[in-house]
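The structure appears below as structure tokens.
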Amino acid sequence: QRAALTSNKNGVYLRVANAYYQKQSWKNCLTYIRQFVPNNSNEKIQKYKIQLVSELHLSSWRPAEKTAQRLIELEPNQKMWWQQLIAAQLQQQKADKALVNYALAKQQGIQFEAQDFKTLSQLYSQNRLPERAAQIMDEMFLQYPKTKTEPELVRQAIYWQMAKEWANAEKVWQQAAQQNAEHYWSLAKLQAQQKAYKRALINTEKAKSVITVPEYRLMKVRLYYKLTRYNDALAQAKPLNEAYPSEEAKDWIQYLKHKE
């Protein structure tokens with residue numbers, strides 16, 4: 001009789017929790033669903049699902065993290081639980097843990113959407129792993145070719161640069177520049193930094209329409225100087241100083257005159 005009474009009481013907790021769930025009265029819902037004792041895995045899933053939604057609505061991130069972990073134990077192939085776990089961890093600034101769980105979800109065979117890849121690459125970047133972030137973007141481009149847009153290419157190029165993977169950065173800036181000429185300037189600056197002066201010269205020319213005259217001429221002065229083409233450098237520095245007088249331009253003229 002006592003068992004029947006307990007069972008009946010248990011059923012009441014679930015019904016009341018469901019009623020509050022429908023009304024979106026999350027605090028009350030949580031109070032009752034926590035008292036419900038599940039008898040099998042289906043009831044466990046039912047309990048934790050209601051509990052998780054309530055906790056997320058109440059911004060109870062730490063309990064939500066634990067509830068999501070319980071749901072993953074019961075349904076490891078359900079992407080939603082992985083997403084909620086990661087969301088709860090990110091809300092607690094646990095980016096490192098969220099990162100581990102993204103990797104685990106992938107190992108579990110969870111199908112990633114384009115947005116999942118974007119989030120994952122940002123996570124790696126936030127955790128100071130730009131190389132991994134860029135590699136994740138390569139996976140996204142492979143699986144979802146339409147995501148290979150100018151802004152995403154720029155983001156990947158920046159990741160490669162942060163990772164000091166210069167060859168990869170150069171390749172991706174080139175792809176971005178083919179979609180928008182303004183990126184020839186980023187490409188030229190990277191090439192100049194990497195002492196690829198001839199290539200930098202070509203791309204500075206391609207960027208001419210999207211940069212200022214002083215930027216254009218000053219870059220050419222520096223590149224011609226590095227290529228020991230002093231007369232060509234001087235031919236850029238003189239008109240630069242006439243149109244846009246500056247100490248830097250004057251110093252270049254003085255310096256290059258002694259190189260003639």
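Below, each value reflects all heavy atoms present in this structure, side chains not excepted, and no hydrogens, waters or symmetry copies. From a predicted model like this one, the values you see are computed outputs, not experimental measurements.
A continuous path of Ile, Leu, Val, Met, Phe, Trp and Tyr side chains, each step under 4.5 Å between heavy atoms, connects Ile86 with Leu74, placing both in one hydrophobic cluster. One hydrophobic cluster, built from ILVMFWY side chains closer than 4.5 Å, cannot hold both Leu58 and Leu52; they sit in different ones. In the hydrophobic clustering of this structure, Tyr197 does not group with Trp252; members are Ile, Leu, Val, Met, Phe, Trp, Tyr whose side-chain heavy atoms approach within less than 4.5 Å, directly or through other members. No single ILVMFWY cluster, assembled from side-chain heavy atoms under 4.5 Å apart, contains both Leu190 and Ile211. Cluster annotation: Ile50 is not connected to Leu56 through the hydrophobic network of ILVMFWY side chains, with a link wherever side-chain heavy atoms come within less than 4.5 Å.
Here the shortest heavy-atom pairing between Lys47 and Arg34 reads NZ-O, 3.2 Å. Nearest heavy-atom pair across Val154 and Ala176 is CG2-CB, 4.2 Å. Across all their heavy atoms, Ala237 and Val221 have their closest contact at N-CG2, 3.6 Å. Across every non-hydrogen atom of Gln111 and Asp116, the tightest pair is O-OD2, 4.1 Å. Closest non-hydrogen pair, Gln108 versus Asn77, comes out as NE2-OD1, 3.0 Å. The two residues Ser121 and Ala133 have their closest heavy-atom pair at O-CB, 3.2 Å.
Taking the ring centre of Tyr124 as origin, the terminal cationic atom of Arg132 falls inside the region bounded by 6.0 Å and 45° from the ring axis.
The backbone N or O of Asp251 sits nowhere less than 3.5 Å from a side-chain atom of Gln254 that would complete a donor-acceptor pair. The closest donor-acceptor contact from the side chain of Lys226 to the backbone of Lys195 lies at 3.5 Å or more, if one exists at all. A donor-acceptor pair under 3.5 Å links the side-chain atoms of Gln156 to the main chain of Ala134, judged by distance alone. Here the side chain of Thr212 pairs a donor or acceptor atom with the backbone of Glu215 at under 3.5 angstrom. Under a 3.5 Å cut-off, the side chain of Glu65 and the backbone N or O of Ala88 do not form any donor-acceptor pair. A distance-only check finds a donor-acceptor pair linking the side chain of Asn203 to the backbone of Arg199 [under 3.5 Å]. Side chain of Glu43 to main chain of Asn39: a donor-acceptor pair is present (N/O by atom type, distance under 3.5 Å, no hydrogens or angles). Of the possible polar contacts, one joining the Thr31 side chain to the Lys27 backbone as a donor-acceptor pair under 3.5 Å is found. Under a 3.5 Å cut-off, the side chain of Asn10 and the backbone N or O of Pro38 do not form any donor-acceptor pair.
Note on Lys220 versus Asp232: no salt bridge recorded, every NZ/NE/NH1/NH2 to OD/OE distance being 4.0 Å or above. The existence of a salt bridge linking Arg222 and Glu248 is confirmed by a sub-4.0 Å separation between a basic side-chain nitrogen and an acidic carboxylate oxygen.
Separating the CG atom in Leu85 from the CG atom in Leu71 is a distance of 10.0 Å, to the nearest 0.5 Å. If you take CD on Gln122 and CG on Leu90, they are separated by 10.5 Å, rounding to the nearest 0.5 Å. Taking CG from Leu129 and CD from Gln135, the interatomic distance works out to 10.0 Å, rounded to the nearest 0.5 Å. One distance of note links CG of Leu14 with CD1 of Ile33; it measures 5.0 Å at 0.5 Å rounding. Taking CE from Met219 and CG from Leu223, the interatomic distance works out to 5.5 Å, rounded to the nearest 0.5 Å. To the nearest 0.5 Å, atom NZ of residue Lys106 and atom CD of residue Glu139 are 3.0 Å apart.
If you check the side chains of Gln191 and Glu170, you find a donor sitting under 3.5 Å from an acceptor. In summary, the side chains of Gln161 and Trp173 do present a donor paired with an acceptor at a separation below 3.5 Å, with no hydrogens or angles considered. A donor-acceptor pair shorter than 3.5 Å cannot be found between the side chains of Asn168 and Glu131. Side chains of Ser25 and Asn28: a donor-acceptor N/O pair is present below 3.5 angstrom, by distance only. Side-chain atoms of Ser125 and Arg155 form no donor-acceptor pair, as typed in the model, at a separation below 3.5 Å. Side-chain contact, Tyr216 with Glu205: a donor N or O sits under 3.5 Å from an acceptor N or O. Between the side chains of Tyr255 and Tyr225, at least one donor N or O lies within less than 3.5 Å of an accepting N or O. Thr67 and Glu55 are linked by a side-chain donor-acceptor pair at a separation below 3.5 angstrom, with hydrogens and angles left out of the test. His183 and Gln175 are not linked by any side-chain donor-acceptor pair at a separation below 3.5 angstrom, with hydrogens and angles left out of the test. Side chain to side chain, Ser54 and Gln51 fail the donor-acceptor criterion of an N or O pair below 3.5 Å.
The aromatic ring centres of Phe112 and Tyr102 sit less than 6.0 Å apart.
A 4.5 Å side-chain heavy-atom check between Lys206 and Thr204 finds every atom pair outside the cut-off. Contact annotation: the side chain of Leu201 approaches that of Leu227 to within less than 4.5 Å [non-hydrogen atoms, C-beta and beyond]. Side-chain atoms of His57 and Gln24, non-hydrogen and from C-beta on, never get closer than 4.5 Å to each other.
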Derivation and outcome, side chain to side chain contact (heavy atoms under 4.5 Å, CB included), residues Gln143 and Phe117: CA-CA 10 Å; Gln143 211 162 317; Phe117 281 114; 3.6 Å; yes
Intermediate values then yes/no, side chain to side chain contact (heavy atoms under 4.5 Å, CB included), Gln178 and Tyr184: CA-CA 8 Å; Gln178 283 161 5; Tyr184 280 118; 4.3 Å; yes
Step-by-step side chain to side chain contact (heavy atoms under 4.5 Å, CB included) determination, Met140 to Ile136: CA-CA 6 Å; Met140 178 178 78; Ile136 291 291; 5.8 Å; no
From CA spacing to verdict: ring-ring contact (aromatic ring centres under 6.0 Å, His included), Tyr21, Trp26: CA-CA 6 Å; Tyr21 185 91; Trp26 307 116; 5.5 Å; yes
Chi angles and distances behind the side chain to side chain contact (heavy atoms under 4.5 Å, CB included) call for Gln35, Lys9: CA-CA 10 Å; Gln35 294 179 75; Lys9 201 175 176 183; over 6 Å; no
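More than 12 heavy atoms of other residues, nucleotides or ligands sit less than 6.0 Å from atom NZ of Lys79. Counting heavy atoms of neighbouring residues, nucleotides and ligands inside a 6.0 Å radius, atom NZ of Lys44 does not exceed 12 of them. For NZ of Lys171, the number of neighbouring non-hydrogen atoms (other residues, nucleotides, ligands) closer than 6.0 Å is 12 at most.
The side-chain hydrogen bond (donor to acceptor under 3.5 Å, both in side chains) test with Glu75 is passed by exactly one of Tyr48, Trp81, Trp82: Trp81.
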